[in-house]
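Chain letters run A, B, ... following the sequence lines, proteins first and then strands; every chain starts at 1.
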Amino acid sequence: MNDVMRIVVKDFQIQAKSIRNYVIAILFFVLIFTAMGLGQNLMLLPLVALFVMYRFINYSMYEDEKNNTLRLLAALPVRRDAIVFARYLSCGIFAVALCIMLGVISALVSPYEAGSTAAVLCVFFVYMIMMSVYMPIGFRLGYIKAVSINRFIFLGVFILLGAIPVLLGSKNGMQGGNALEGFIELLAGSDGLLIVAGFALVTLLLYIISMKISVVFFRKRTLF
Amino acid sequence: MSMVISINGLYKRYDKFSLKDVSFQVPKGYIMGFIGRNGAGKSTVIKCIMDMIPFESGTIELFGLDNRRFANEIKKRVGYVSEEQYFYENMTAGWSLEFFGGFFPDWDNDFGSSLLKRFGIDPAKKVSELSKGMKVKLALAIALGHRPELLILDEPTSGLDPVIRSEILELLAETVQDENCSVFFSSHITSDIEKIADYVTLIDDGRIILSDEKDSIISKWKMFKVENSCCGEELLGRLIGVKKGEFGFSGITDKPESFIKELNRRYPGARYKMENITLDDLLVRIAKESEAV
């Protein structure tokens, strides 16, 4: 196993209990909503998933910060680039896995709801943007400072996300609701596929640029 | 004699402390003790060696390779134990051994596990449940599990009880019996260094005060206790770390013959005592001298 994969596996191993609990919680909500005949409320699940994904990044950073394990890794034959790549990869894999799980649930529970698939995609894109913003700050300043700074940044991002659908909605005749709902409606619309492809490209680009910036920041960071 | 560590003219500046022109060498197959009081610069030098912190000027070579250009290649051949042990506290000792050890291409998991067993560490036990001494032993198992050519230890025995310290020292002595392995071992506990080191380097206030064979240091440096009637400035200037008492003064020097000659010339018939010193005396006197300056 190479160094990157070793660290990726570690990120999952140290959070194994939390991941299991989150999956159980999500499945529990699905069962409750379905049993109560509230299939449409499954739209809420992606929001829960967004929280879970954000928690995954936070926890993996927090564990390294709390235990000072980056210091030990710095003393081992591990390139700093590998540590950064691994963090991006583990968070990406977790997001994809969670989104697939939600996609499968959506398909099983409400197969004809285009909105639920759009909601999953929307959450995935939002998460990728959040991660791309958060990670470089985390690698530059460490978890504790990054988490405080990110609160302000994410507030701005959500305000922005709220504004975009409103602006786009006025063009398409769509009334923008809150940030995510507007975005979901946009992705589920008639030009959905094209918009999804566009967003996928933008988020991928952002993800790669963010990773490069994180590598530069982390190489320069003094861990001692 | 080939050198595993070679440092020349190392400078590292912080706001309130700096390493100044640090130069010394560690020969292959020996244990070098790196002594100095707290804050003298031991850990800073070690972090520079391990390429964990940048430095302004100077060169550091390990196995003849530049430590910054070949950092990864070098780290594959080095086992390192820091003063504080950093592990994922919620994971087990066995997991930690495999995870951290796995980064070394020559990692021998059976040997690593046998070291855990020898140290009495239950692999199923969480790191958070291990004592400080056990954590040091776990770190040592990780450092030794790939059979390194060089072991760098940054105050590993600090804060441990004498029994565990003694066990760790025994292990280090065993490690260098294999002549391919050298040990660079920092500590402010001079008795530990005195027990196992072949060479000693003493650092104070960011400067290397001396670096030589331990036996040579101990035989060269002498403690003089002289009566107060001989307390002339010209004589005191020849001693380091002078302490004055009610009846006399004492100090150390690495030129005992020259001191005796001068004492007899200036104060014929003066009464004095010349004694062997310990590394502890040396450290204390040199620290006292630098405080006086």
Engaged part of B:F100 at the chain A interface, taking heavy atoms whose separation is under 4.5 Å: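 When you check distances to chain A, atoms from both the backbone and side chain of B:F100 fall under 4.5 Å.
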Quick check: are there more than 12 heavy atoms from other residues, nucleotides or ligands sitting under 6.0 Å from [atom1] of [X]?
{"X": "B:R37", "atom1": "CZ", "result": "yes"}
{"X": "A:Y62", "atom1": "OH", "result": "no"}
{"X": "B:K20", "atom1": "NZ", "result": "yes"}
{"X": "A:K212", "atom1": "NZ", "result": "no"}

Heavy-atom pair of closest approach, residues A:A75 and B:Y80: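 Minimum heavy-atom separation between A:A75 and B:Y80: CB-CD2, 3.3 Å.
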Between B:F104 and A:P77, what is the shortest heavy-atom contact and its length? CE2-CD, 3.5 Å
Non-hydrogen atoms of chain B under 4.5 Å away: do they reach the side chain of [X], the backbone, both or neither?
{"X": "A:R80", "value": "side chain"}
{"X": "A:T222", "value": "side chain"}
{"X": "A:I7", "value": "both"}

Contact residues of residues 110-132 of chain B (partner chain A; heavy-atom separation under 4.5 angstrom): none
Which residues in residues 85-92 of chain B have a heavy atom less than 4.5 Å from any heavy atom of chain A?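 Residues in range: B:Y86, B:F87, B:Y88, B:E89, B:N90, B:M91.
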Looking at chain B, which one of A:K66, A:E63, A:K17, A:Q13 has the largest number of heavy-atom pairs inside 4.5 Å, strictly under?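 So the answer, after comparing A:K66, A:E63, A:K17, A:Q13, is A:Q13.
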Which value, rounded to the nearest 0.5 Å, describes the distance between [X] atom [atom1] and [Y] atom [atom2]?
{"X": "B:M52", "Y": "A:L70", "atom1": "CE", "atom2": "CG", "value": "11.5 Å"}
{"X": "A:L76", "Y": "B:N72", "atom1": "CG", "atom2": "CG", "value": "10.0 Å"}
{"X": "B:F99", "Y": "A:T69", "atom1": "CZ", "atom2": "OG1", "value": "8.0 Å"}
{"X": "B:E98", "Y": "A:R6", "atom1": "CD", "atom2": "CZ", "value": "8.5 Å"}

Show me the pairs that pass salt bridge (Lys or Arg N to Asp or Glu O under 4.0 Å) and involve residues 64-80 of chain B, at least two apart or across chains. B:R77-B:E149
Could you give the side-chain donor-acceptor pairs of residues 122-129 of chain A under 3.5 Å, partners two or more places apart or in another chain?
{"residue": "A:Y127", "atom": "OH", "partner": "A:C91", "partner atom": "O", "Å": "3.1"}

